[in-house]
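Because the structure is predicted, anything quoted here is derived from the model rather than measured.
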Amino acid sequence: MLHRYAPQAPDDDLSAKPQPQHCADLEAAVDEILRRIPGDIGLALPLGIGKPNPLVNALYRRIAALPERRLRIYTALSLEKPKGRTELEQHFLAPLVERVFGDYPDLAYVGPLRAGQLPHNIAVQEFFLKTADYLGNEAAQQGFICTNYSFAVRDICAQGVNLLIQAVAARVNPETGEREFSLSCNPDLSFDLLEHQRAAGQPVLTVAMVNEALPFMPGPALADARLFDLMVEGPGCSHALFAPPNAAISWADYAIGLHASSLVKDGGTLQIGIGSLGDAIAQALIVRDSRNHDYRAILAGLCNGGAAEAPDGWQKGRELGRFEQGLYGCSEMFVNGFMRLIDAGLIRRLVFDDLALQQLALEGRLGAAPDASVIRALCERGRIASPLRASDLAFLQSQGLLQAGVTLAADSQLLWQGQTWPNQPEALAPELIGLSWRRAALMHGGFFLGPRDFYQRLRELPEGLRQRIAMTRIHYINELYGDGQGSEALKRAQRRDARFINTTMKMTLLGAASSDGYESGQMVSGVGGQYNFVAMAHALPDARSILLLRATHDNAQGLSSSIVWHYANCTIPRHLRDIVVTEYGVADLRGCSDAEVIARLLQVCDSRFQQGLMDEAKAHGKLPADYQLPASARRNLPEALREQLRPWRNSGVLPDFPFGTDLSDEEMQIVRALKKLKHASHHPVELVKLIVKSLGPQTPVPEAWLERLGLHEAHSFKQLFLRRLFASNL
């Protein structure tokens, strides 16, 4: 039976709660948790890097040794250092993992979960899995909770939660000198979870562990220390953050990113995700702004379908200009690509948390800093009164429009620095006007994850820029209707010309998308916030949902099309179809008939599969019997794509790693050879070709490379064979 933790103070009044009990020892913290919750534990953990791994591991080990106690863990995205599946991969990864991941401690429950060996009294349930990591894993698949990101709190709490443990950042406030705490990378669900449980009369024991490596994020991520019942800080708490290295951007991903970037409107709103596709979009946007002539030439080449010139009208619906107004970022995941866009000056459009101010911003009436004209406009619109009331004063100061020290004198005049001033908002003295905007954001994010230099950049941000990046609740970002953080009208005003860009795995010819799982019911990842963003794109009059799709995928079963006639798993239903982008172009499906949807998707399909798909659509009576593909769509092949992009890749405009990599040049060469071997292992004909090639003259391999792969002293037939295959692939 789940034990309901008894709170130390009224749930709705943090001021009445005492400061948290401090623990300098992980085991002592576990002792206190078990003392305060004597029964079964329902543990909620943030997703990604917000987990306090050392404390979670200490609790896991303790419960595992206490068969009479039960622990059920509710979370998402449990991260583990890469290990490699083959001996070659394991040998290669070992020094790389040590260098990149440092002292990051793996979660103690992940290994047993993967092996199907969790203790009988411990269970793990996740609503988003690390991509493709748990296919075929019965415990993970059976424990999976299918829910939208913004509904995760509701659905997890229904399982029973009485303990929340979270890693937090701490610092001394540069203005007040007081110590303060931040939920840093994960304010996404924790605030909502605590409020949900307390409103339901099911309070939660809340434990924070300070990890000094976490970047401190201010604004909505700030957490009053009294939010927590226990604060754990001391030896063993701080450790390196999980930092996946940047992935190389493939030919197809660059083409997809370039097409998608031409749909982003200047002055609009942007959402993208993590990985090579997100990086490809970010780099394409930077090229569009900084090398616009080259950008237009690249797009023209991609759109010509192998013809001598791009077809007429290829620019229709495309946004090809530089960013004069800049963009606003609104994405559940704040990734390295966004940071690069901020540093490049593309993400710079400020949004405000007050509707009257936001409307003035949309009208172009707000400058880079506050001025008296804004206060006059607010007065004219009735947002503030004349003379100013105490509430007006507080509002103007909270937004940075008035100097912080301005107060109301006894005679209702304004008092500042010992001098009184007329209380006339229509004509305030310039000395009283604030110097910079407060509570204005150029980026809203729910959680972040990225490579090491991304975290380092966040730690080193100038305070002014740090204040502009608002890590906040996922409900605020993923939903349009009003909540405690903002009204629907405010969100609509902020999210002008939004482009919500997400990735999918499969697309049916009728426009339904599968992004989270297979037809078999096996879950690859999870819905996350994709459905919410797609629905929001339809709810906002000037927004678009853009689903990115690699036209083909290649695995042990061979090459197949990602666009299919039918697919049993559906993440986005066909009635929400909008824009689909593959490496071969853009298919705008909104408002189209089924026949037009099929025709447009066929035109961005890989040409090796177009005829079969077209025949199937005709056989089902969904496409006219005399329909023929236009000539411009008949050369949708990887070779033609590479031909168009090769000059730009060779010139460095579209590099493999536009935002750097943790791999050395030698490691990248080894990785390429290993990828060829891995690919060939799933394709017998290709493997035979490699074997034949390996029988010829060998490329000299540096001894250090062979040692890195454990092949420097090859004796067995298998090792000698692998050594020759590796050498022939360099």
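Within the 3.5 Å criterion, the main-chain N or O of E639 finds no donor-acceptor partner in the side chain of E643. Of the possible donor and acceptor atoms, none in the side chain of Y254 sits under 3.5 Å from a partner among the backbone N and O of I281. In this structure, D606 contributes its side chain and T552 its backbone to no donor-acceptor pair below 3.5 Å. A donor-acceptor pair is defined here as one N or O able to donate and one able to accept, closer than 3.5 Å; such a pair exists between the side chain of Q125 and the backbone of G143. In terms of modelled atom types and a separation under 3.5 Å, the side chain of R550 and the main chain of I256 share no donor-acceptor contact. The backbone N or O of Y104 lies less than 3.5 Å from a partner atom in the side chain of K81, making a donor-acceptor pair. At distances below 3.5 Å, not a single donor-acceptor pair connects side-chain atoms of Q142 with backbone N or O atoms of N137. Looking only at distances, a side-chain donor or acceptor of S331 sits under 3.5 Å from a matching main-chain atom of I272. Of the possible polar contacts, none joining the T661 side chain to the S664 backbone as a donor-acceptor pair under 3.5 Å is found. In this structure, the side chain of S561 does not engage the main chain of V564 through any donor-acceptor pair within 3.5 Å.
Remark: S262 engages R318 in a side-chain hydrogen bond (donor to acceptor under 3.5 Å, both in side chains) (not counting sequence neighbours). With sequence neighbours excluded, no residue forms a side-chain hydrogen bond (donor to acceptor under 3.5 Å, both in side chains) with Y531. Qualifying side-chain contact (heavy atoms from CB on, under 4.5 Å) partners for A132, counting only residues two or more places apart in sequence or in other chains: L135, V524. Under the rule for a side-chain hydrogen bond (donor to acceptor under 3.5 Å, both in side chains), the partners of Q610 that lie at least two apart in sequence or sit in another chain are S607. Under the rule for a side-chain hydrogen bond (donor to acceptor under 3.5 Å, both in side chains), the partners of Q141 that lie at least two apart in sequence or sit in another chain are Q522.
Checked by atom type, the side-chain pair E332/N532 shows no donor-acceptor distance below 3.5 Å. Inspection of the K51 and T75 side chains reveals an N or O donor paired with an N or O acceptor under 3.5 Å. A donor and an acceptor atom, one from each side chain of T571 and D516, are located under 3.5 Å apart. Looking at N336 and D279, their side chains never bring a donor and an acceptor atom within 3.5 Å of each other. A donor-acceptor pair shorter than 3.5 Å cannot be found between the side chains of S545 and H538.
Between R99 and E667 there is a salt bridge, since a side-chain N of the basic residue sits under 4.0 Å from a carboxylate O of the acidic one.
Atom CG in N246 sits 6.5 Å away from atom CG in D453 (nearest 0.5 Å). To the nearest 0.5 Å, atoms CG (L129) and CG (L77) are separated by 9.0 Å. Annotation: the span from F92 atom CZ to L96 atom CG amounts to 5.5 Å, rounded to 0.5 Å. To the nearest 0.5 Å, atoms CD1 (I145) and CZ (F127) are separated by 8.5 Å. Distance check, rounded to the nearest 0.5 Å: OG1 of T503 to CD1 of I274 gives 11.0 Å. Taken from OG in S515 to NZ in K506, the straight-line distance is 12.0 Å, to the nearest 0.5 Å.
Inter-residue side-chain proximity for W565 and H620 is flagged as met; some heavy-atom pair is nearer than 4.5 Å. Side-chain contact between V597 and L509: absent, with no pair of heavy atoms (C-beta onward) separated by less than 4.5 Å. Looking only at side-chain heavy atoms (C-beta outward), P638 and W251 stay at 4.5 Å or farther from each other. At a threshold of 4.5 Å between non-hydrogen side-chain atoms, the residues L47 and Y149 count as touching. Side-chain contact between L709 and E87 is absent, with no heavy atoms from C-beta onward closer than 4.5 Å. In this structure the side chain of F500 never reaches within 4.5 angstrom of the side chain of V534, judged on heavy atoms. Using a 4.5 Å cut-off on side-chain heavy atoms (C-beta onward), Y567 and E519 make contact. Within the 4.5 Å cutoff, side-chain heavy atoms of P655 are placed close to those of Q283.
Under the 30°/60° scheme for interplanar angles, the aromatic rings of Y455 and F448 are found to be tilted. Using the six-membered ring where Trp is involved, F101 and F242 have ring planes that are tilted, between 30° and 60° apart.
In plain terms, the two heavy atoms of S276 and I249 that are nearest each other are O-CG1, 3.9 Å. Of all the heavy atoms in L263 and G317, the pair that sits closest is CD2-O, 3.8 Å. For the pair V110 and S78, the tightest heavy-atom approach, listed with the atom from each and the gap, is CG2-CB, 4.0 Å. What you find for T504 and A513 is that their closest heavy atoms are OG1-CB, 3.5 Å. When all heavy atoms of F338 and G329 are compared, the closest pair comes out as CE2-CA, 4.0 Å. Between D106 and E80, the shortest heavy-atom distance links the atoms OD1-CA, 3.4 Å.
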The test is salt bridge (Lys or Arg N to Asp or Glu O under 4.0 Å); show your working for K618 and D626 and say whether it passes.
CA-CA 9 Å; K618 290 179 179 180; D626 61 350; over 6 Å; no
Working for side chain to side chain contact (heavy atoms under 4.5 Å, CB included), residues Y518 and N569:
CA-CA 6 Å; Y518 293 151; N569 184 71; over 6 Å; no
Step by step, would you call R708 with E703 a salt bridge (Lys or Arg N to Asp or Glu O under 4.0 Å)?
CA-CA 9 Å; R708 174 72 176 266; E703 187 67 19; over 6 Å; no
Output, in order, the C-alpha distance, side-chain angles, deciding distance and verdict of side chain to side chain contact (heavy atoms under 4.5 Å, CB included) for I501 and Q271.
CA-CA 6 Å; I501 306 178; Q271 180 237 339; 5.6 Å; no
If you apply the rule side chain to side chain contact (heavy atoms under 4.5 Å, CB included), what do you find for R288 with V264, and how did you get there?
CA-CA 11 Å; R288 172 178 157 184; V264 178; 4.1 Å; yes
Under the side chain to side chain contact (heavy atoms under 4.5 Å, CB included) criterion, do T147 and V527 qualify, and how do the steps go?
CA-CA 7 Å; T147 184; V527 176; over 6 Å; no
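Taking a 6.0 Å sphere around NZ of K675, one finds it holds 12 or fewer heavy atoms contributed by other residues, nucleotides or ligands.
Sorted by first and then second residue, the pairs that involve residues 581-599 and meet salt bridge (charged side-chain N to carboxylate O under 4.0 Å, His left out), not counting sequence neighbours, are R544-D588, R574-D594, R577-D594, D578-R590, D594-K622, E596-R600.
The aromatic ring centres of F454 and F334 sit less than 6.0 Å apart.
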